[in-house]
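If you scroll down you'll find the structure; I have some questions about it.
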Amino acid sequence: MDPQQELFTNLLIELKKTGYDVYDTFLPPEDTPYPFIYLADSQQTDTRTKDAVIGNAYQTIHVWHNNPKQRGTVSQMLLDIKKVCYRLEHTANFAWMIRNVDQRILPDNTTKTPLLHGLLEVEFSFS
């Protein structure tokens, strides 16, 4: 399996175990209850060695909440997601280590209801 797909699949499974509503591939319908997690785009940079492929995989993860006054809830969800990411050490075919995590919390006015948007961009190295 491709490293970024193996990472994506593992994160999807583990994030669902947190008890939060988790979506991937497409954003959920408009009537979906908040807050929720959206496992978004992935990116991979390979380096071929003599015997294997090593490199970096990047995963973007969003959190949305429809109550901007509950910033603490969004912050806690982001922390719970990061804990899942930090626990990941091995999947079936690869060893993983987090290199960087970029976290932001920002207002989102893309819907009729003002939202609070949490964003994680996580860089993993794999071997």
Side-chain angles (χ1 to χ4, degrees):
M1 185 181 291
D2 190 51
Q4 62 81 30
Q5 182 60 48
E6 195 163 307
L7 173 66
F8 185 92
T9 300
N10 182 275
L11 289 175
L12 182 60
I13 291 166
E14 294 302 314
L15 288 172
K16 286 183 177 185
K17 291 178 184 177
T18 64
Y20 297 120
D21 290 331
V22 182
Y23 300 90
D24 68 300
T25 310
F26 300 104
L27 282 169
E30 282 187 40
D31 59 345
T32 299
Y34 290 91
F36 63 83
I37 297 171
Y38 175 61
L39 198 55
D41 55 299
S42 303
Q43 179 183 343
Q44 178 178 313
T45 306
D46 295 355
T47 303
R48 177 140 174 89
T49 65
K50 232 174 156 178
D51 301 321
V53 174
I54 62 172
N56 296 321
Y58 306 83
Q59 183 62 55
T60 303
I61 305 169
H62 299 270
V63 171
W64 274 283
H65 200 315
N66 64 345
N67 186 343
K69 293 182 179 182
Q70 291 192 359
R71 188 182 192 283
T73 300
V74 171
S75 184
Q76 183 62 51
M77 290 176 73
L78 293 171
L79 177 60
D80 292 341
I81 294 166
K82 289 190 296 187
K83 287 177 182 178
V84 167
C85 293
Y86 281 115
R87 280 195 307 262
L88 178 62
E89 293 180 355
H90 292 91
T91 54
N93 299 297
F94 300 97
W96 298 92
M97 185 177 75
I98 285 195
R99 294 183 51 125
N100 293 299
V101 178
D102 181 34
Q103 175 178 320
R104 290 183 278 167
I105 298 177
L106 52 151
D108 184 333
N109 298 319
T110 58
T111 65
K112 295 176 199 169
T113 305
L115 303 174
L116 197 56
H117 181 187
L119 176 62
L120 289 175
E121 294 173 317
V122 187
E123 177 185 5
F124 296 85
S125 62
F126 65 87
S127 57

* Asked: Can you find a pair of side-chain heavy atoms, one from Leu120 and one from Val101, that are under 4.5 Å apart?
  ->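 SC-SC contact between Leu120 and Val101 confirmed.
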* To do: State plainly whether the residues Arg104 and Glu121 are in salt-bridge range, i.e. N to O under 4.0 Å.
  => yes
* For Thr32 and Pro28, which heavy atoms make the closest approach, and how far apart are they? ->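 The answer is OG1-CB, 3.1 Å.
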* Donor-acceptor contact below 3.5 Å, side chain Gln59 vs main chain Leu39 -> no
* Asked: Considering all heavy atoms of both residues, which atom of Asp2 and which atom of Phe94 are nearest to each other, and what is their separation?
  -> C-CE1, 4.5 Å
* Is the backbone N or O of Gln4 less than 3.5 Å from a side-chain atom of Gln44, with the two atoms forming a donor-acceptor pair by type? ->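 Present.
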* Residue pair Asn56 / Phe126: nearest heavy atoms and the distance that separates them ->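 For Asn56 versus Phe126, the nearest heavy atoms are N-CE2, 3.4 Å.
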* To do: List the steps and the verdict of side-chain hydrogen bond (donor to acceptor under 3.5 Å, both in side chains) for Asp80 and Gln76.
  => CA-CA 6 Å; Asp80 292 341; Gln76 183 62 51; 2.9 Å; yes
* Under a 4.5 Å cut-off applied to non-hydrogen side-chain atoms, are Pro114 and Asn109 in contact? -> yes
* Taking side chain as C-beta onward, heavy atoms only, is Asp21 less than 4.5 Å from Ile37? -> no
* Hydrophobic side-chain clustering at under 4.5 Å (ILVMFWY, transitive links): who's grouped with Phe36? Put none if nobody. =>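 Other cluster members: Tyr23, Leu27, Tyr34, Tyr38, Trp64, Leu115.
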* Under the side-chain hydrogen bond (donor to acceptor under 3.5 Å, both in side chains) test, residues paired with Arg71 that sit two or more places apart -> none
* To do: Answer whether the closest heavy-atom distance between the side chains of Glu6 and Asn93 falls below 4.5 Å.
  => yes
* To do: Using the test side-chain contact (heavy atoms from CB on, under 4.5 Å), find all partners of Ile13 that sit at least two apart in sequence or belong to another chain.
  =>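 Thr9, Lys17.
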* At their closest point, which heavy atom of Asp108 faces which heavy atom of Thr110, and how far apart are they? -> OD1-OG1, 2.5 Å
* To do: State, to 0.1 Å, how close Ile98 and Cys85 come at their nearest heavy-atom pair, and which atoms those are.
  =>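 In terms of heavy atoms, the two residues are closest at CD1-CB, 3.5 Å.
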* Asked: Can you check whether Glu14 reaches Leu11 side chain to side chain, under 4.5 Å on heavy atoms?
  ->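 A side-chain contact is absent here, since even the closest heavy-atom pair is not under 4.5 Å.
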* To do: Give the intermediate values and the outcome of side-chain hydrogen bond (donor to acceptor under 3.5 Å, both in side chains) for residues Trp96 and Thr91.
  => CA-CA 8 Å; Trp96 298 92; Thr91 54; 2.9 Å; yes
